[in-house]
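See structure below.
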Protein chains: 2
Amino acid sequence: MTEAKDKKSHHHGDLRAALIRAGIEILDEGGAESLTLRRCAARAGVSHAAPAHHFDGLAGLRAAIAAEGFDRFRNKMIQARETGDQSPKGHILSLCRGYLDFAVENPALFDLIFSCGPMDRFEEPPSPGDATAYGVLRAACAPFVPEGTEPRVIETQVWSLIHGFSHLFLAGTFGPSDGSADHHPLFLPVMALLRGIGRDIDTASAAK
Amino acid sequence: MTEAKDKKSHHHGDLRAALIRAGIEILDEGGAESLTLRRCAARAGVSHAAPAHHFDGLAGLRAAIAAEGFDRFRNKMIQARETGDQSPKGHILSLCRGYLDFAVENPALFDLIFSCGPMDRFEEPPSPGDATAYGVLRAACAPFVPEGTEPRVIETQVWSLIHGFSHLFLAGTFGPSDGSADHHPLFLPVMALLRGIGRDIDTASAAK
DNA sequence: TATGTAAAGTTTACAGTGTCAAGTTTGGGG
DNA sequence: CCCCAAACTTGACACTGTAAACTTTACATA
């Protein structure tokens, strides 16, 4: 009856995917507070207890939505990386642009992604290459890693800077967003901090 | 009956403060999900509808708790600033240490602070001086602001970097926290990015 | 083909939740 | 002394997550 892919076709087709889709819609229509098991079920056209057969309660649904959001996040960054110039610096800057764009366009989903426990870790490298969102960042950072330095240091610097800016921007810390301009005027100046990336780290003067 | 400061002493003493206190306790015992109007009321020893006379619903209580948390946050940073060495760089590094410490020690409260809309803004300067949390940051950043540069740029760089690191650390992105060490091993290396602070900003190569 | 079985979905029920509308107590000012 | 408004209680309602029992369906197997 309903068009199903081919995954599981007992009754609904694939209710699991439908529930995740419904959840994401609800999320960016009404924010995090309005994400509800019963509402997702209603939008998917099933009874309120149906999701229990696919997710471990509301927490399970949120985790599944976060995983799907993480996928979209990765695709956004892959796409963003290719729009900038082809210099290593251009790669990183375009990546950060994509990061901020995704956060602004999907604020509730963005928050959820970082509220459901870690998706994947630096410790676990992308399976073949660039499979994970962190893998995308890692590849962009690679040219800036000095010999003998742990890549994670550079990656964490970039990641922290763009994530902090995006999160604070979303929280309204930098003032009301103009809405007109596609980006906050502080974006480029803040990213300029990455100029000094990859140099030696003087832990000596910072240790005390 | 109960010991009251002297604010309002109709029945309870000062229920408002008691509810905020109860809320913070509940928050770091059971996390954000367990913060409930009825639970706060019960812990404060009043009926479930009593909070309605002091806060505008659950959102109002959360906002009040966030405001109180913001105060503690500011005090933590003021205190942290004075523990480091007296160099400008020491000021900033100690401040960032305090930032991360607060986030780790009060994760739910930290999240709440940045989930209830902006507390104060860069636009509104600290009343006389250093009154707000941003004022503390501003003072620490002041020595690094080159002549003719907008102070907000430097402040936003520092703020974004330490906030992003703290938030990602809390989210578990950097892997499970050891728990043993007082800080994550990446903290100092990441903060080393601030070495290059205050220099000219080459918007030219970053514009494209 | 007939049948049994397990998954998928429904229905019912229950404890908590926020919120509103009343009622009740209390304290202080006319 | 009395009255009134603020502080608090009580009761109710809609909504939520969750668990249990029940019904339907699709598929494997005999």
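Chain naming here is simple, since letters A, B, ... match the order of the sequence lines and numbering starts at 1 in each. What you see is a predicted model; the values in this text were computed from it and never measured.
- Looking at residues 26-41 of chain B, you'll see B:R38 sit with a heavy atom under 4.0 Å from some atom of DNA chain D.
- B:H54 has no side-chain polar atom (N or O) that falls below the 4.0 Å cut-off from OP1 or OP2 of D:dA6.
- Separating the CG atom in B:L186 from the CE atom in B:M191 is a distance of 10.0 Å, to the nearest 0.5 Å.
- Counting heavy-atom neighbours within 6.0 Å of B:N75 CG, excluding the residue itself, gives a total above 12.
- Residues that satisfy the salt bridge (charged side-chain N to carboxylate O under 4.0 Å, His left out) test with A:E82, not counting sequence neighbours, are absent from this structure.
- The CZ atom of A:R43 sits 13 Å away from the P atom of D:dT16 (whole-angstrom rounding).
- Taking atom CG of residue B:L19 and atom C1' of nucleotide D:dA7, one finds them 12 Å apart after rounding to whole Å.
- A straight line from NE2 of B:H53 to P of C:dC20 spans 12 Å, rounded to a whole angstrom.
- Atom CG of A:L168 sits about 4.0 Å away from atom NE2 of B:H163, to the nearest 0.5 Å.
- Scanning all heavy atoms of the two residues, the minimum distance from A:W159 to A:L137 falls at CE3-CD2, 2.6 Å.
- The closest donor-acceptor contact from the side chain of A:R74 to the backbone of A:V136 lies at 3.5 Å or more, if one exists at all.
- Under the rule for a side-chain hydrogen bond (donor to acceptor under 3.5 Å, both in side chains), B:Q79 has no partner lying at least two apart in sequence or in another chain.
- Straight-line distance from the CZ atom of A:R16 to the P atom of C:dA7: 16 Å, rounded to whole Å.
- To the nearest 0.5 Å, atom CG of residue B:L37 and atom CG of residue B:L19 are 8.5 Å apart.
- Each end of the helix from C:dT1-D:dA30 to C:dG30-D:dC1 yields a helix axis from five base pairs, and these two axes differ in direction by 10° (to the nearest 10 degrees).
- Less than 4.0 Å separates DNA chain C from at least one heavy atom of each of the following residues of residues 56-67 of chain B: B:G57, B:L58.
- When rounded to the nearest whole Å, the span between NE2 of A:H48 and P of D:dA19 equals 12 Å.
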Going by atom type alone, with no hydrogens or angles, which donor-acceptor pairs under 3.5 Å involve a side-chain atom of residues 40-47 of chain B and a protein atom two or more places apart or on another chain?
unit_1 : atom_1 : unit_2 : atom_2 : d
B:R43  : NH1    : B:E25  : OE1    : 2.6
B:R43  : NH1    : B:E29  : OE2    : 3.3
B:R43  : NH2    : B:E29  : OE1    : 2.9

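- Taking both residues in full, the closest heavy atoms of B:P189 and A:V153 are given as CB-CG1, 3.8 Å, listed atom of the first, atom of the second, then distance.
- Nearest to the side-chain atoms of A:A49 among the listed nucleotides D:dT9, C:dG9, C:dT11 stands C:dT11.
- Here CD1 of A:I65 is found 8.0 Å from CG of A:L109. Values are rounded to the nearest 0.5 Å.
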